[in-house]
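Note that these values count all heavy atoms, side chains included, but never hydrogens, waters or copies made by symmetry. Below, read A as the first sequence line, B as the second, and so on, with proteins coming before strands; counting in each chain starts at 1.
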Number of protein chains: 2
Amino acid sequence: MADQSVSDIVVGRLPLYLRALDVMSKSGQSFVSSHELARWLGTSSAQIRKDLSQFGEFGVQGRGYDVHELRANLRHILHLEREWAVVVVGAGRLGSAVASYPGFAQRGFTICALFDNHPDKIGQLIGNLRVRPMSELADFVQAHRVRIAMIAVPASAAQEVADQLVQAGVRAILNYAPIDLVVPPSVRVENVDPALQLQHMTYYLSEE
Amino acid sequence: MADQSVSDIVVGRLPLYLRALDVMSKSGQSFVSSHELARWLGTSSAQIRKDLSQFGEFGVQGRGYDVHELRANLRHILHLEREWAVVVVGAGRLGSAVASYPGFAQRGFTICALFDNHPDKIGQLIGNLRVRPMSELADFVQAHRVRIAMIAVPASAAQEVADQLVQAGVRAILNYAPIDLVVPPSVRVENVDPALQLQHMTYYLSEE
DNA sequence: TAGATTGTTAATCGATTAACAATC
DNA sequence: TAGATTGTTAATCGATTAACAATC
């Protein structure tokens, strides 16, 4: 009922619920029960009801949840009613791909700048962004009040980049470098390392 | 001691330990204590010792763990002593980036084929791979005994691709499409959806 | 030996599940 | 009203942490 302190694990499931609701909404479905949503997502209906109940009473007994309304509520809870500006650091192969990936803009994240420290990269046009030198990073982040950054530099440079981003005011980092960043507790970090996910799965694959 | 049935959450941490050991190994460190590893990874030493103890007794009292030896043990446990062949389905922007990303090969995953069903794409050279038509998928997977696939097609096509992959004998899928795949219990799926991770973090960002 | 760190047990903590009264 | 599904409580389950004897 009150959201005085919701577990991070519950918060992490909300975007998943939202993604499912987006699809249902597009397909014109107007109501959904916790059972149906659970089947869709491969969880349990009890978990969905429990999770949602931490933030309010969004359902209707006997009917389920209004898809459009629940979607709006989740977007509000997750602060997704606004556009978020994001900077990308690293304009190599990975950084370029990340910066041009249309999936971010579709879900409310506008990539507004791309930084690199390599002279050959600076000034290049990637997608519709000109690569900027690292020396402009702090000023840019402050001037545009950017709160979110993605790191796509080699592991050896990632921590230093993270330090600079935090110093400049970034509060959330999506880290593509295969290394554990050290940041103050007020800054969130999420890691993307698909090779790690493959290595998790190979445990279950028998040797040929 | 016995690995009769280790929780998936523990298995998922092993690649993280391995990644840290790779770095330590390269920097020439020969022993590491659970405390040091925990500091490095931002976990607790008790958790590391508990996790590792599920698979054997790898440490030495008073000294810690031999970096090289523990690394070898983890690689063995995770079935990473061999190269794994991987196919990528989807040769769009995302699939191309994924197929050319050198991070997979570095960690033992060889991308050996790239498939797409779009006539314009088929035959194109991406990195050193020629894009193959979907019609060749099943034969290729069977002939080369491929067990791992990555899906990088639009959400609307992902489930059908997954069905074909499973049918052909794939046992582990890394899914880049923003949708929950339905597969038999013998097949593992891991999802990559960075936008979801951003949406998780925005919860903690105050409105401006 | 003295100091350090493991592997493991027991205690704690938190998350998931089951069940059901409330109610649309 | 009868049927369905919520929100919530209590019970279960599992994961993390603390502590320490064993031992290098």
To the nearest 0.5 Å, how far apart are OG in A:Ser53 and CD1 in A:Ile48? 12.0 Å
Residues from residues 61-70 of chain B sitting under 4.0 Å of DNA chain D, heavy atoms only? B:Gln61, B:Gly62
In this structure, how many angstroms lie between the C1' atom of D:dC24 and the CD atom of B:Glu57, rounded? 13 Å
Residues two or more places apart in sequence or in another chain: which of them pass side-chain hydrogen bond (donor to acceptor under 3.5 Å, both in side chains) with A:Asp8? A:Arg188, B:His200, B:Tyr204
Looking at residues at least two apart in the chain, or sitting in another chain, which of them share a salt bridge (Lys or Arg N to Asp or Glu O under 4.0 Å) with A:Asp22? A:Arg71
Taking only distance into account, with no hydrogens and no angle test, what donor-acceptor pairs under 3.5 Å do side-chain atoms of residues 103-111 of chain A form with protein atoms, sequence neighbours excluded?
| residue | atom | partner | partner atom | Å |
| --- | --- | --- | --- | --- |
| A:Arg107 | NH2 | B:Asp193 | OD1 | 2.7 |
| A:Arg107 | NH2 | B:Asp193 | OD2 | 2.6 |
| A:Thr110 | OG1 | A:Glu83 | OE1 | 2.5 |

Can you list the residues that meet the ring-ring contact (aromatic ring centres under 6.0 Å, His included) rule with A:Phe140, with sequence neighbours excluded? A:Phe115, A:His144
Mind listing the closest non-hydrogen atom pair of B:Met150 and A:Leu198 along with its distance? CE-CD1, 3.9 Å
B:Asn117: side-chain hydrogen bond (donor to acceptor under 3.5 Å, both in side chains) partners, not counting sequence neighbours: none
Rounded off to whole Å, could you give me the CZ-to-C1' distance for the A:Phe31 and D:dG3 pair? 16 Å
Among residues 20-29 of chain A, which residues get a heavy atom nearer than 4.0 Å to DNA chain C? none
Could you pull out all residues at least two apart from A:Phe58 that satisfy ring-ring contact (aromatic ring centres under 6.0 Å, His included)? none
To the nearest angstrom, the CZ-P distance between A:Phe55 and D:dT8 comes to 14 Å
Within the structure, does a side-chain N or O atom of B:Ser34 lie under 4.0 Å from either OP1 or OP2 of C:dT5? no
Degree of bending, the helix from C:dG3-D:dC24 to C:dC24-D:dG3 (end axes from five pairs; round to 10°): 20°
Taking the inter-plane angle between the rings of A:Phe55 and B:Tyr203 on a 0 to 90° scale, is it parallel (under 30°), tilted (30 to 60°) or perpendicular (over 60°)? perpendicular
Who passes side-chain hydrogen bond (donor to acceptor under 3.5 Å, both in side chains) against B:Arg171, sequence neighbours left out? none
Which heavy-atom pair separates A:Arg147 from A:Gly169 by the least distance, and what is that distance? NH1-O, 3.3 Å
Can you sort out the partners of B:Tyr17 under ring-ring contact (aromatic ring centres under 6.0 Å, His included), two or more places apart, ordered by chain and number? none
Can you find a side-chain donor-acceptor pair between A:Gln159 and A:Asp163 that sits under 3.5 Å? yes
Find the distance B:Ile48:CD1 to C:dT8:C1' and express it as a whole number of Å. 16 Å
Write down the distance between NE2 (A:His35) and P (D:dT6), rounded to a whole number of angstrom. 6 Å
Which letters describe nucleotides 9-20 of chain D, given B = protein heavy atom under 4.0 Å from base, S = only from sugar-phosphate, - = neither? B-----SBBBB-
Between B:Leu52 (CG) and C:dT8 (C1'), how many Å, whole number? 13 Å
Separation of D:dG7 atom P from A:Leu37 atom CG, nearest Å, is 12 Å
